[in-house]
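Residue numbering restarts at 1 for every chain, and letters A, B, ... go by the order of the sequence lines.
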Number of protein chains: 2
Amino acid sequence: MNLSFTEENYLKNIFHLNFNVDENVSTNALAEVLNTKAASVTDMLKKLSEKELVNYEKYQGVTLTKIGEEQAITVIRKHRLWEVFLVEKLNFKWDEVHDIAEELEHINSEKLINRLDEFLNFPKTDPHGDPIPDKNGVLKSQELIPVSKLKVGDKGLISGVREHSAEFLKYLDKTGLILGESLNIIEIINFDGSVMLLIKGKQQMISREVANNLLIAT
Amino acid sequence: MNLSFTEENYLKNIFHLNFNVDENVSTNALAEVLNTKAASVTDMLKKLSEKELVNYEKYQGVTLTKIGEEQAITVIRKHRLWEVFLVEKLNFKWDEVHDIAEELEHINSEKLINRLDEFLNFPKTDPHGDPIPDKNGVLKSQELIPVSKLKVGDKGLISGVREHSAEFLKYLDKTGLILGESLNIIEIINFDGSVMLLIKGKQQMISREVANNLLIAT
DNA sequence: TAAAAAATTTAGATTAACCTAAAAATTGGT
DNA sequence: ACCAATTTTTAGGTTAATCTAAATTTTTTA
Ligand SMILES: [Mn+2]
Ligand SMILES: [Mn+2]
Ligand SMILES: [Mn+2]
Ligand SMILES: [Mn+2]
């Protein structure tokens with residue numbers, strides 16, 4: 001299977017969109033995340049369908065075939081392992097690695113990626129808490145829930161983010177909301193959904209927006 | 001300067017061809033190393049000339065401009081640093097790294113490559129003995145000479161190769177002719193130019209072909 | 001120094017990945 | 001159940017990087 005850079009990006013994004021909302025992925029949704037136009041997406045879906053990488057019926061959206069999904073997961077594995085490398089070995093911050101990993105994820109060598117995995121000690125998650133598929137394409141995701149779903153008195157460990165923008169990640173860094181910290185819910189303000197946390201022995205307020213995008217393992 | 005994968009390969013190969021034989025690089029020579037056709041090369045040279053990356057006159061071959069050379073050297077720096085990474089950190093053998101580095105050399109991030117350089121402890125040469133340009137694009141190459149230029153009684157340190165094929169590199173590995181070994185010239189056979197070496201206390205015969213492609217620092 | 005040979009360029013196509021504008025299908029509100 | 005809004009597809013380009021075949025220029029050789 002020799003896929004182009006572009007084809008790999010289509011498969012990866014179909015996977016992510018389907019993962020988030022479990023239904024056929026729409027042409028427009030893909031055009032949006034791929035920064036392209038719906039007409040271009042239609043063209044590419046026909047081509048991917050021809051190659052049996054996606055199930056596509058006109059006007060019905062698209063899903064990945066078994067093979068398409070395997071390819072998508074391989075790309076995601078590469079993306080996340082490179083992110084770990086950049087953070088752990090090259091001292092990048094978690095908000096700096098995504099764009100570089102977008103390029104590195106297309107490097108084509110199974111041996112390379114498996115050696116990298118080994119070099120990094122077979123990490124289970126990437127710097128954003130996202131699970132890393134193993135070499136057989138098995139992706140086991142721990143069930144994480146947003147802080148906004150917790151009740152007063154609940155506690156948990158910061159374990160992931162829903163939103164991956166550098167903006168948001170830098171905000172979390174600055175306010176000490178980093179992966180691995182444990183927190184308690186002190187109070188939930190009805191008025192605007194903001195939440196008072198106890199973290200590192202100090203009280204700290206976060207907005208509903210932030211509470212929605214910060215993921216906890218309980 | 002945002003160059004395509006293809007443009008970078010043209011610049012890099014013009015640099016290498018010009019480095020080896022110091023004259024304008026011919027269309028056919030480029031077509032050969034780039035695995036393409038002369039007509040395609042002509043098209044691209046016009047485009048690179050338009051962008052002021054090469055000096056090109058119809059029928060006269062091509063050289064790099066200052067800017068073109070800087071770009072070429074950046075690509076070469078990336079290629080060689082990645083090769084060091086693959087050998088030193090991921091335990092690849094020196095005959096396995098070139099093709100992967102051909103892909104990695106196009107990853108676009110100055111920060112990444114400088115961090116990698118640091119992570120590797122600012123290596124001076126790659127696994128094949130080729131010099132690595134520094135972050136300012138300064139490439140200082142030690143003068144190496146092929147074994148075939150030595151006389152009986154001369155000695156030296158194996159320090160590089162002229163030919164980079166996996167075939168040749170594996171042969172050198174197998175016969176113990178690896179970088180860093182010192183050798184003495186015991187005898188030169190007039191008939192076929194083959195050379196008897198003393199290496200690691202043992203005598204060993206190599207063909208003229210091998211002697212031509214194995215480089216020594218004296 | 002004029003052919004012949006070799007190298008190079010031009011002309012005219014092709015392919016992948018895009019685009020805009022217009023047409024067709026689906027969906028959702030009444 | 002219809003119509004209007006929305007979504008998606010089709011039609012007809014474009015651009016970068018290729019190609020083959022033919023034309024042109026340079027180089028070599030006799
Ligand atoms: Mn990422
Ligand atoms: Mn990530
Ligand atoms: Mn190489
Ligand atoms: Mn090398």
Practice task
With side-chain contact (heavy atoms from CB on, under 4.5 Å) as the test, would you mind laying out the steps for A:Thr63 and A:Ile14 before giving the verdict?
Solution key: CA-CA 7 Å; A:Thr63 58; A:Ile14 293 167; 5.9 Å; no

Problem - Distance in angstrom units between B:Leu30 CG and D:dT18 C1', rounded - result: 15 Å

Completion exercise
Within residues 1-18 of chain A, those residues having any heavy atom closer than 4.0 Å to DNA chain D are none

Problem - Within 45° cone and under 6.0 Å: A:Lys89 NZ/CZ vs A:Phe119 ring - result: yes

Could you list, one pair per line, each protein nitrogen or oxygen that sits under 3.5 Å from a nitrogen or oxygen of nucleotides 1-7 of chain D, together with the distance?
none

Exercise for the section: Rounded off to whole Å, could you give me the CG-to-C1' distance for the B:Asp43 and D:dC19 pair? Expected result: 10 Å

Exercise for the section: Answer yes or no: is there a donor N or O on one side and an acceptor on the other, between the side chain of B:Arg208 and the main chain of B:Ser148, under 3.5 Å? Expected result: no

Handout entry: Protein-nucleotide distance (B:Glu32, atom CD; C:dT8, atom C1'), rounded to Å
Key = 16 Å

Handout entry: Electrostatic pair B:Glu96:A:Lys111 at N-O distance under 4.0 angstrom
Key = yes

Handout entry: Partners passing salt bridge (Lys or Arg N to Asp or Glu O under 4.0 Å) against A:Glu209 (at least two apart in sequence or in another chain)
Key = none

Problem - Under 3.5 Å donor-acceptor, A:Lys78 side chain and A:Ile107 backbone - result: yes

Exercise for the section: Send over the distance from A:Glu57 CD to D:dT9 P, rounded to a whole Å. Expected result: 11 Å

Practice task
Tell me whether the OP1 or OP2 atom of C:dT8 has a side-chain N or O from B:Tyr56 closer than 4.0 Å.
Solution key: no

Exercise for the section: With sequence neighbours excluded, tell me which residues meet ring-ring contact (aromatic ring centres under 6.0 Å, His included) with B:His164. Expected result: B:His128

Handout entry: Minimum heavy-atom distance between A:Ala31 and A:Lys37, given as atom pair plus value
Key = CB-C, 3.8 Å

Exercise for the section: Could you tell me whether B:Lys12 and B:Glu8 have a side-chain N and a carboxylate O separated by less than 4.0 Å? Expected result: no

Exercise for the section: Enumerate the residues from residues 34-41 of chain A whose closest heavy atom to DNA chain C is under 4.0 Å, giving them by residue number; use none for an empty result. Expected result: A:Thr36, A:Lys37, A:Ala39, A:Ser40

Problem - Note: B:Arg77-B:Asp117 ion pair, threshold 4.0 Å (strictly below) - result: yes

Exercise for the section: Take atom CD of B:Gln60 and atom P of C:dA7, then tell me their distance rounded to the nearest Å. Expected result: 15 Å

Practice task
Nearest whole angstrom, please: distance from the P of C:dA24 to the NZ of A:Lys58.
Solution key: 11 Å

Exercise for the section: Specify the separation, in whole Å, of atom CG of B:Leu48 and atom C1' of D:dT18. Expected result: 15 Å

Handout entry: Atom pair distance, as rounded to whole Å: CE in B:Met44 and C1' in C:dT9
Key = 16 Å

Fill in the blank from the handout: Residue set satisfying ring-ring contact (aromatic ring centres under 6.0 Å, His included) with B:Phe122, at least two apart, ordered chain then number -> none

